[in-house]
Amino acid sequence: MDKIKAPKGTKDIFTPDIEKWQYLEEKIKEVFNRFYFSEIRTPIFEHTELFSRGIGDETEVVSKEMYTFKDRKERSLTLRPENTASVVRAAIENKLFDEHFPLRYYYIGPMFRYERPQKGRQRQFHQFGVEVFNDPSAEVDAEVILVAYKLLIDLGINTINVEINSVGCKNCRPDYLKLLSEKAEMESEKLCSDCQRKTKTNPLRIFDCKNKGCIEVADNLPKITDNLCQDCNTHFVKLKESLNLFEVPFFVNTRLVRGLDYYTKTAFEITSEALGSQNAILGGGRYNDLIKQLGGNEISGIGFAAGMERVILHLDKIEKKNKLKVIIVYHSENEKTASLKIAKRCWDLGLNAFIDYGAGNMKKQFKKGDRIEADFAFVIGKDEVVDSMISIKNMKTREQEKIKNEDLEKWIKKNI
RNA sequence: GUGAGUGUAGCUCAGUGGUAGAGUAUCGGUCUGUGGCACCGACUGUCGCGGGUUCGAAUCCCGUCACUCACCCCA
């Protein structure tokens with residue numbers, strides 16, 4: 001019989017990695033709460049239409065990477081490939097928007113994309129992120145970038161770069177794309193075949209190409225930041241001022257484009273040199289048209305999403321919280337009952353206690369104590385039972401003391 | 001979707017055509033009321049799977065699957 005294995009691109013998470021995940025999750029909650037975000041949890045699957053309408057039919061994510069299936073009533077459902085569309089849907093559906101107050105949410109959870117796995121890329125992966133609705137200011141863009149930056153720095157990750165750009169809006173981007181397409185077409189013979197196609201379909205993507213010829217051409221193509229409308233331009237200037245004010249080091253990368261169609265104005269990414277090929281830890285931007293597009297009012301939005309696996313790759317081993325740990329060691333079956341009673345008292349008092357029921361001799365039990373990294377061993381032998389005592393051995397110093405059985409509570413309170 | 005590399009003991013790996021190995025982990029003993037060391041001993045395998053070449057294949061060839069990395073794309 002063949003062993004059943006986890007599906008391609010999925011992973012089990014357990015110790016020692018699970019400690020990193022728990023640490024990261026705590027940090028996320030702490031930092032986001034400080035910035036007045038509250039958590040939102042949305043379903044793991046949604047109607048397929050939410051993503052095709054929200055993210056854009058043409059994007060790779062929607063066109064080739066979604067886990068889409070029919071349920072028993074023939075409804076087309078999709079495992080969420082990202083969370084922004086869901087959060088927007090939830091806000092509209094539950095009428096959460098307040099005309100006079102910005103909404104701030106954060107989320108953590110698994111996402112699903114059908115991709116070939118590699119370092120920092122899985123089919124089931126995890127993202128955390130934030131969304132701010134109903135605040136069109138450039139300052140809040142800077143704040144969102146600050147939160148992301150601060151969280152990473154707080155985690156001790158400092159091999160990072162903050163890159164920002166503006167991708168314009170519906171007023172200026174079409175003109176720019178037309179201009180870009182025309183200019184690229186003039187240099188067409190220097191471009192690779194992929195990029196020749198891109199000049200017609202998605203000229204922005206030429207900036208992504210790593211081909212030498214294409215890079216040369218791209219360097220001389222018009223930059224979006226030189227072709228923004230008045231509104232987008234002042235927004236971008238203000239963003240840069242605010243980032244300086246918040247002391248977030250950044251640089252403008254005019255080649256930065258985002259993969260999801262809903263972005264307008266601000267786009268940003270935080271990358272890390274330590275990651276290898278998938279070097280984006282986190283990416284986001286403003287999406288001022290998305291909410292209307294999904295059936296809501298004309299309400300602005302900005303947010304980012306971070307890849308948790310990619311953050312975890314930066315975390316060194318997390319020391320477990322050194323909560324006091326005890327193993328209860330008994331000499332023979334005769335002392336087992338007395339030992340069980342002591343174990344129960346330990347648990348009731350909140351002490352982290354372990355007892356090995358099939359233990360065998362004491363030597364083995366002490367070895368197990370080493371394995372669970374116990375701080376103390378409570379030793380129960382014939383003498384202890386007769387005298388109503390407990391021998392307590394410090395596993396590190398190997399010193400041993402004897403206390404009265406009835407003083408166990410006292411001892412625990414003192415040492416825990 | 002494309003390309004490259006790797007699949008041998010629980011783990012890390014050696015073994016390039018001739019009896020499947022080491023380290024480590026585990027278990028037992030020296031040591032029957034006390035663990036970290038030392039020594040001695042034991043267990044563990046469809047050599048990923050299927051086919052081919054050969055007297056003989058872990059080793060060479062073909063196919064296949066899995067994992068890893070890269071392209072692509074993205075977090």
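Quick note on labels: first sequence line is chain A, next is B, and so on, each numbered from 1. Below, each value reflects all heavy atoms present in this structure, side chains not excepted, and no hydrogens, waters or symmetry copies.
Within 4.0 Å (heavy atoms only), A/Gly129 reaches no atom of the nucleic acid at all. Base engagement by A/Met395 is indicated by at least one non-hydrogen atom pair under 4.0 Å involving a base atom. Among the atoms of the strands shown, none is found under 4.0 Å from any heavy atom of A/Glu335. Using a 4.0 Å heavy-atom cutoff across all strands shown, A/Lys396 reaches at least one base atom of the nucleic acid. Using a 4.0 Å heavy-atom cutoff across all strands shown, A/Gly369 reaches no nucleic acid atom at all.
Between A/Gly9 and A/Lys368, the residue whose closest nucleotide on RNA chain B is further toward the 5' end is A/Lys368. In this structure, A/Val379 and A/Lys64 both approach RNA chain B, and ranking their closest nucleotides by distance from the 5' end singles out A/Val379.
A gap of 16 Å separates the C1' atoms of B/rA42 and B/rU24, to the nearest Å. Between B/rC47 and B/rC72, the two P atoms lie 40 Å apart (nearest whole Å). A gap of 31 Å separates the C1' atoms of B/rG63 and B/rG10, to the nearest Å. A distance of about 27 Å separates the P atoms of B/rG50 and B/rC43, rounded to the whole Å. Across the P atoms, B/rG21 and B/rG45 are found 13 Å apart, a figure rounded to whole Å. Using atom C1' as the reference point in both B/rG33 and B/rC39, the two lie 24 Å apart (nearest Å). Nucleotides B/rG29 and B/rG48, compared at atom C1', are 38 Å apart to the nearest Å.
When all heavy atoms of A/Pro110 and A/Ile44 are compared, the pair lying nearest together is CG-CD1, 3.5 Å.
Remark: P of B/rC69 and NZ of A/Lys8 are 12 Å apart, rounded to the nearest angstrom. Look at OH on A/Tyr263: it is 11 Å from P on B/rC74, rounded to the nearest Å. One can place CD of A/Glu115 at 13 Å from P of B/rA70, the figure rounded to the nearest angstrom. A straight line from CG of A/Asn394 to C1' of B/rU34 spans 13 Å, rounded to a whole angstrom. The separation between A/Met111 atom CE and B/rA75 atom P is 11 Å, rounded to whole Å. The distance from atom NZ of A/Lys119 to atom C1' of B/rC71 is 17 Å, rounded to the nearest whole Å. A/Gln127 places its CD atom 7 Å from the P atom of B/rA75, with the value rounded to the nearest Å. If you take CD of A/Glu399 and C1' of B/rU34, they are 15 Å apart, rounded to a whole angstrom.
Residue A/Gln278 places its side chain closer to B/rC72 than to any other of B/rA75, B/rG35, B/rC72. Taking only side-chain atoms of A/Lys364, from C-beta outward, the nucleotide of B/rA75, B/rA70, B/rC27 with the closest atom is B/rC27. Listed nucleotides B/rA75, B/rU26, B/rC73 differ in distance to A/Phe125; the shortest reach to its side chain belongs to B/rA75. The listed nucleotides are B/rA70, B/rC67, B/rG35; the one nearest the side chain of A/Asp370 is B/rG35. Set against B/rC74, B/rA70, B/rU30, the side chain of A/Arg116 has B/rA70 as its closest nucleotide. The side chain of A/Gln118 lies closest to B/rA70, out of B/rG35, B/rC73, B/rA70. Of the candidates B/rA66, B/rG33, B/rC74, the closest approach to any side-chain atom of A/Lys5 belongs to B/rA66. Distance from the side chain of A/Lys363 is smallest to B/rU30 among B/rA66, B/rC73, B/rU30.
For A/Gln400 against B/rU34, a side-chain-to-base donor-acceptor contact under 3.5 Å is present. Judged by atom type and distance alone, A/Lys382 does not reach the base of B/rG33 through any side-chain donor-acceptor pair under 3.5 Å. In the interface, the side chain of A/Arg121 is paired with the base of B/rC73 through a donor and an acceptor atom under 3.5 Å apart.
For the side chain to side chain contact (heavy atoms under 4.5 Å, CB included) with A/Lys344, the lone residue among A/Asp348, A/Leu340, A/Ile342 that qualifies is A/Asp348.
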Checklist entry - Could you go step by step and tell me if A/Asp356 and A/Lys368 meet the salt bridge (charged side-chain N to carboxylate O under 4.0 Å, His left out) rule? => result CA-CA 8 Å; A/Asp356 184 15; A/Lys368 282 181 180 154; 2.5 Å; yes

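Judged purely by atom type and a 3.5 angstrom limit, A/Arg104 has no side-chain atom pairing as donor or acceptor with the backbone of A/Tyr36. Listed for the A/Asp407 side chain is no donor-acceptor partner under 3.5 Å among the backbone atoms of A/Lys410.
Under the Watson-Crick or G-U wobble criterion, with both distances below 3.5 Å, B/rA14 has no partner in any strand shown. In this structure, B/rC47 forms no base pair with any nucleotide, since neither Watson-Crick nor G-U wobble geometry is met with both distances under 3.5 Å. Here B/rA66 sits opposite B/rU6 as a Watson-Crick or G-U wobble pair (both hydrogen-bonding atom distances under 3.5 Å). When Watson-Crick and G-U wobble pairs are counted only if both distances are under 3.5 Å, B/rG1 pairs with B/rC71. With a cut-off of 3.5 Å on both pairing distances, the Watson-Crick or G-U wobble partner of B/rC39 is B/rG29.
Note: A/Phe128 and A/Tyr107 fail the aromatic proximity criterion, with ring centroids not under 6.0 Å apart. A/Tyr106 and A/Phe37 have their aromatic ring centers separated by at least 6.0 angstrom. For A/Trp411 and A/Phe376, the ring centers are positioned less than 6.0 Å apart.
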